[in-house]
Each structure stands twice: as structure tokens, then as C-alpha cells.
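Scroll down for the structure; my scribbles are underneath it.
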Amino acid sequence: MSLRVYIKVAVDIEKGILAGGGEKHAYCEAALLEDGSRQRDIWGADWTPFDQSIAYESIINIRSSQNNRSMLIQDPAIQERVKKITQELIGGYEPEFR
């Protein structure tokens with residue numbers, strides 16, 4: 001059995017920054033809000049460093065005011081921005097052993 005190691009991140013798609021490593025996505029979101037980010041620009045995801053993959057699912061993504069009624073980021077353009085920012089800031093990890 002293999003453990004899935006991932007990092008919870010909240011990404012500000014306008015500022016191109018992220019906060020990660022919190023127990024909950026909401027903690028990462030709170031750090032960005034304290035830093036001046038707007039809630040409407042922050043999206044939650046999970047980053048898996050071993051295979052550089054991303055899952056676009058978080059409770060902070062539920063927002064009917066932006067037509068996202070699911071935990072999953074439904075807009076492919078927003079998904080792409082979250083992925084690009086995450087890869088640029090914390091991507092590139094190469095594990096020694098798999």
C-alpha cells in the first residue's frame with residue numbers, strides 16, 4: 001500500500017501567489033486574505049509533488065456567486081491558471097525513490 005502525499009494549496013489567480021501546507025484549504029485561504037488577496041480570486045487545490053499532479057477540489061471552491069456550485073473548479077481556464085501558478089512556485093520536485 002502506498003501513501004498519497006499531497007499539499008493543500010490556495011492559489012490567488014490574480015496575484016500569482018499561493019499559500020500551502022495547511023491542515024485545511026481554508027487556513028491557506030485565510031493567509032492569502034490577510035495578505036490582501038480577494039476571496040473571489042482564491043481557489044483551492046491539492047498538489048501531489050511525486051507526480052506533479054493537481055486535483056482541483058476543495059470546499060472553498062463552492063461559490064454560487066461565481067457560478068461554481070461544486071467543490072471542483074468547473075472553469076477550465078481557472079483550472080489552468082491554478083495549475084500554472086502551482087507548477088511555477090512549487091513544481092519540479094524530483095523524488096530519489098519511487
Side-chain angles (χ1 to χ4, degrees):
M1 184 168 108
S2 140
L3 281 179
R4 180 169 179 254
V5 176
Y6 64 92
I7 301 165
K8 291 178 188 257
V9 296
V11 180
D12 181 326
I13 61 172
E14 290 304 315
K15 289 186 173 184
I17 60 175
L18 66 76
E23 184 179 328
K24 298 179 180 180
H25 292 101
Y27 298 160
C28 301
E29 177 186 42
L32 290 175
L33 290 169
E34 283 180 30
D35 192 47
S37 291
R38 298 180 307 179
Q39 196 278 327
R40 67 181 319 271
D41 298 331
I42 301 170
W43 296 88
D46 295 326
W47 176 251
T48 304
F50 294 108
D51 64 4
Q52 306 289 294
S53 67
I54 192 162
Y56 304 98
E57 194 168 8
S58 168
I59 196 144
I60 70 169
N61 297 333
I62 300 172
R63 49 183 87 164
S64 58
S65 64
Q66 289 178 264
N67 204 28
N68 203 88
R69 292 167 168 49
S70 164
M71 287 180 35
L72 180 68
I73 299 172
Q74 297 174 321
D75 184 331
I78 293 173
Q79 285 185 6
E80 186 57 36
R81 289 171 79 182
V82 167
K83 180 179 180 180
K84 182 175 187 274
I85 292 164
T86 303
Q87 286 177 332
E88 286 174 0
L89 296 178
I90 61 174
Y93 174 78
E94 294 280 339
E96 290 183 31
F97 305 104
R98 289 194 182 239

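- Side chains of Ile62 and Met71 form a contact here, defined as non-hydrogen atoms less than 4.5 Å apart.
- Contact between Asn61 and Glu57 at its shortest, heavy atoms only, is ND2-C, 4.0 Å.
- Of all the heavy atoms in Glu14 and Arg81, the pair that sits closest is OE2-NH2, 2.9 Å.
- Around NZ of Lys83, the count of heavy atoms belonging to other residues, nucleotides or ligands within 6.0 Å does not exceed 12.
- No donor-acceptor pair under 3.5 Å is formed between the side chain of Asp46 and the backbone N or O of Ala55.
- Closest of all the heavy-atom pairs between Val5 and Pro49 is O-CD, 3.5 Å.
- When side chains are defined from C-beta on, Asn68 does not count as touching Asp75, because their heavy atoms never get closer than 4.5 Å.
- Using a 4.5 Å heavy-atom threshold, the side chains of Lys15 and Ser37 count as touching.
- Minimum interatomic distance between Cys28 and Gly21 (heavy atoms only, all atoms of both residues): SG-N, 4.0 Å.
- Classification of Glu88 and Lys84 as a salt-bridged pair holds, one side-chain N sitting under 4.0 Å from a carboxylate O.
- Within the model, atoms CG of Asp35 and CD1 of Ile17 stand 5.0 Å from one another, a figure rounded to the nearest 0.5 Å.
- Listed here is the closest heavy atom pair of Asn67 and Gln74: O-OE1, 3.6 Å.
- By the 4.5 Å side-chain criterion applied to Ile, Leu, Val, Met, Phe, Trp and Tyr, Ile85 is assigned to a cluster that also includes Ile7, Val9, Val11, Ile13, Leu18, Trp43, Trp47, Ile54, Tyr56, Leu72, Ile73, Ile78, Val82, Leu89, Ile90.
- The closest donor-acceptor contact from the side chain of Gln66 to the backbone of Arg40 lies under 3.5 Å.
- Residues passing the side chain to side chain contact (heavy atoms under 4.5 Å, CB included) test with Leu33 are Glu29, Gln39, Ile42, sequence neighbours excluded.
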